[in-house]
Each structure stands twice: as structure tokens, then as C-alpha cells.
Enquirer: 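Take a look at this one; I'll ask things after.
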Amino acid sequence: MRYDVLTIFPGFFNGILQHGLLKRASARGRVDIRIHDLRDYTDDRHRTVDDRPFGGGPGMVLKPEPIFRAVEALRQDAGEQDFPVILLSPQGRLFNQELAEQLTRHPRIALICGRYEGVDERVAEHLATDELSIGDYVLSGGELAAAVLMEVTTRLLPGVLGNEDSLARESFADSTAGPLRFAALDWPHYTRPADFRGLRVPEVLLSGDHQRIREWRERQALLKASKRRPELLVRTEASAIPLAAASLSGGH
Ligand code: SAM
């Protein structure tokens, strides 16, 4: 999968590309991450990427020309191949695991990082194919949001995580139970020591009874989700069936 990131702060990505998952996935050739400096697409001596907002008000706005030119250059380079052009924005659709899975179906995506007061609206209206937000809060720039999106999608690509089994059981992974289709949260994990300052690991995990352990984990995952994120449990094929926390709370 190829990512083209358009930013006025290309140096921002040095850290995340040189550590952990994105570094490993790049080294294995599973992803190709290209960072483009929007200033390279300006045509004035000062390499101007921002300007004051029409109508007045505080702050600066990213100008449309460098962003349009950068995306046009990418499209020219891609030839016939169409790809999503995503503007990171707090006003966009909320990015989640399901959207991440959908994005992995594209061999290539471009990410536009805003700054300051944001990006000239003509980019959202006439250039970007989608606007995505990583949460209901405001960051200073789209770079962190682009990094989040790249990390979340990259770890879903085949051959990136050592243990692919863990993907199916992670928080937000699609699950089914009878008529329900839902995304639960992960179950609680424990490691040695079994007794830490009197805080004991649940006995069932020490029992060696794999059937009981599986049932306990599934119940705990549902219980956690029903307490913290009940909205995750009501996505069904046919109709919304709310799960009562009380019916899940038995058996430790
Ligand atoms: N004036 C904008 C508003 O109130 O909606 C906020 C602009 S923000 C300070 C600057 C840039 O950070 C945005 O253009 C966007 O690229 C990025 N950004 C901020 N919060 C974000 C979020 N929750 N998700 C994705 N991108 C975000």
C-alpha cells in the first residue's frame, strides 16, 4: 500500500517512520510512505503556503494552489489508477476500524494535512474525495491524524503483524454471537506473577481449562463493551438488539 502525505512540516514524520510498525512495514516492502513538502509546489520566492482568511478573523489558512498542484502531480504520476484523496479535518467523518479496513482495499491513498485555521474550503469541495477526523477534538495539524490513519491501516495489511490471529480478537474487530453482529472490546490480559501484591489473576485463567477460559474471555469482552461502549454492541445484521449488561455479568 502506498501513502502520499502532503504537509508543510515533512520533518514531523521522521520519528514515526524510523520506529516500530511503520518502519518494519516499510522495510518489508508492505508499505511505501512518501512525504511531500507542500512548499515544493509553490511558485513564489518565499514559498508561501498560507494566507489571511477572506472576511477577516484570526489565523492563517492553507492556500489552495500548492495542494491542488501536489495532488495533480500525484494523479499524473498514477496515470489511470484512481485513488482516494483524504483531507484530515475535525469536520470530517469519524475515522474508525471499519473505515480503516475499507481503506486497506485501496493500493494507494493520499493524505492532506491541514494547519493553522485549516485549509481553503475549495480543497474539501473540489479536490479531496473524503474528509476524515480522528476524533471529536481539535489538533494543531493534520500530521498526527495522518500518522494515526497510516498506523491503523498498515497493521491490518497481511504480513505486517507477526501474529495475524490477534487482529480477529482485538477491540473493534467484527464479531458474531447468535443473531448479533457487533464489535466488542478486547478481554482483559494478565501475565506473571499470578499474585502481585495480593492482586490475584482470575482463577479461571490458571485452570488450564481452555473451554472455560474461552467462555470467560468472551463474556468479559462483552461485559466491558456493554459498560463502557454499549453502542458497539447494537450493530446487527437485521435489527438493533440491545444487550443488557446484567445478563453478561455472571461467572468470573
Ligand atoms: N478551524 C478548524 C476547526 O475549528 O474545525 C480547526 C483547524 S486545526 C487547528 C488545523 C488542522 O489540523 C486541520 O485543518 C486538520 O488538518 C487538522 N486536524 C485538527 N483536528 C483534527 C482531527 N480531529 N482529525 C483530523 N485532523 C484534524
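First listed ligand is number 1; within each ligand, the first listed atom is number 1. Remember, it's a predicted structure, so these values are computed and weren't measured experimentally.
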Enquirer: Do me a favour and list the nearest non-hydrogen protein atom to atom 4 (O) of ligand 1 with residue, atom name and distance?
Expert: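 So the nearest neighbour among protein heavy atoms is Q91 NE2, 4.5 Å.
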
Enquirer: L132 heavy atoms, cut-off 4.0 Å: which ligand 1 atoms fall inside?
Expert: 25 (C)

Enquirer: Please write down residue, atom name and distance for the protein heavy atom closest to atom 15 (C) of ligand 1.
Expert: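 Ranking protein heavy atoms by distance from atom 15 (C) of ligand 1, first comes L88 O, 3.1 Å.
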
Enquirer: What atoms of ligand 1 come within less than 4.0 Å of a heavy atom belonging to V138?
Expert: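 Once the distances to V138 are compared, the set is 6 (C), 8 (S), 9 (C), 20 (N).
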
Enquirer: May I ask you to list the atoms of ligand 1 that are less than 4.0 angstrom from any heavy atom of G142?
Expert: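 It comes down to these atoms of ligand 1: 12 (O), 16 (O), 17 (C).
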
Enquirer: Give yes if a backbone or side-chain nitrogen or oxygen of G118 is under 3.5 Å from a nitrogen or oxygen of ligand 1, and no if not.
Expert: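 No.
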
Enquirer: Do ligand 1 and I134 have nitrogen or oxygen atoms that lie under 3.5 Å from each other?
Expert: yes

Enquirer: Would R108 and D77 count as a salt bridge (Lys or Arg N to Asp or Glu O under 4.0 Å) here? Give the steps.
Expert: CA-CA 12 Å; R108 174 174 185 168; D77 170 59; 3.6 Å; yes

Enquirer: Could you identify the single nearest non-hydrogen protein atom to atom 26 (N) of ligand 1 and state the distance to 0.1 Å?
Expert: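 Protein heavy atom with the smallest distance to atom 26 (N) of ligand 1: S89 N, 3.3 Å.
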
Enquirer: In plain terms, say whether R200 and D195 are close enough for a salt bridge, that is, a side-chain N and a carboxylate O under 4.0 Å apart.
Expert: yes

Enquirer: For a side chain to side chain contact (heavy atoms under 4.5 Å, CB included) with V119, tell me which candidate from V61, L88, L87, D50 qualifies.
Expert: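 The residue from V61, L88, L87, D50 that satisfies side chain to side chain contact (heavy atoms under 4.5 Å, CB included) with V119 turns out to be L87.
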
Enquirer: Do any N or O atoms from the side chain of T42 and from the backbone of D44 form a donor-acceptor pair under 3.5 angstrom?
Expert: no

Enquirer: In ligand 1, which numbered atoms sit nearer than 4.0 Å to a non-hydrogen atom of G135?
Expert: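 In order of number, 23 (N).
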
Enquirer: Evaluate V119 for polar contact with ligand 1, using N/O atom pairs at a separation under 3.5 Å.
Expert: no

Enquirer: Relative to the heavy atoms of A145, which atoms of ligand 1 are at a distance of less than 4.0 Å?
Expert: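 What qualifies from ligand 1 is 25 (C), 26 (N).
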
Enquirer: Need the ligand 1 atom indices (1-based, order shown) with element for anything under 4.0 Å from a heavy-atom of E117.
Expert: 1 (N), 2 (C), 7 (C)

Enquirer: What residue and atom, counting heavy atoms only, is the protein's closest point to atom 27 (C) of ligand 1, and at what distance?
Expert: P90 CD, 3.6 Å

Enquirer: Within the 4.5 Å heavy-atom criterion, are F172 and L185 side-chain neighbours or not?
Expert: yes

Enquirer: Taking the side chain as everything from C-beta on, heavy atoms only, tell me whether D120 gets closer than 4.5 Å to I67.
Expert: no

Enquirer: Going by the order shown, which atoms of ligand 1 are within less than 4.0 Å of some heavy atom of Y116?
Expert: 7 (C), 8 (S), 9 (C), 10 (C)

Enquirer: Between T104 (side chain) and E101 (backbone), is there a donor-acceptor pair under 3.5 Å?
Expert: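 Judged by distance alone, yes, a pair lies under 3.5 Å.
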
Enquirer: Whether R69 engages the ring of Y41 as a cation-pi pair (distance to the six-membered ring centre under 6.0 angstrom, angle to the ring normal within 45°) should be assessed.
Expert: no

Enquirer: Could you check whether R75 pairs with D82 (Lys NZ or Arg NE/NH1/NH2 to Asp/Glu carboxylate O, under 4.0 Å)?
Expert: no

Enquirer: For atom 20 (N) of ligand 1, what's the nearest protein heavy-atom neighbour? Residue, atom name and distance, please.
Expert: L139 N, 2.9 Å

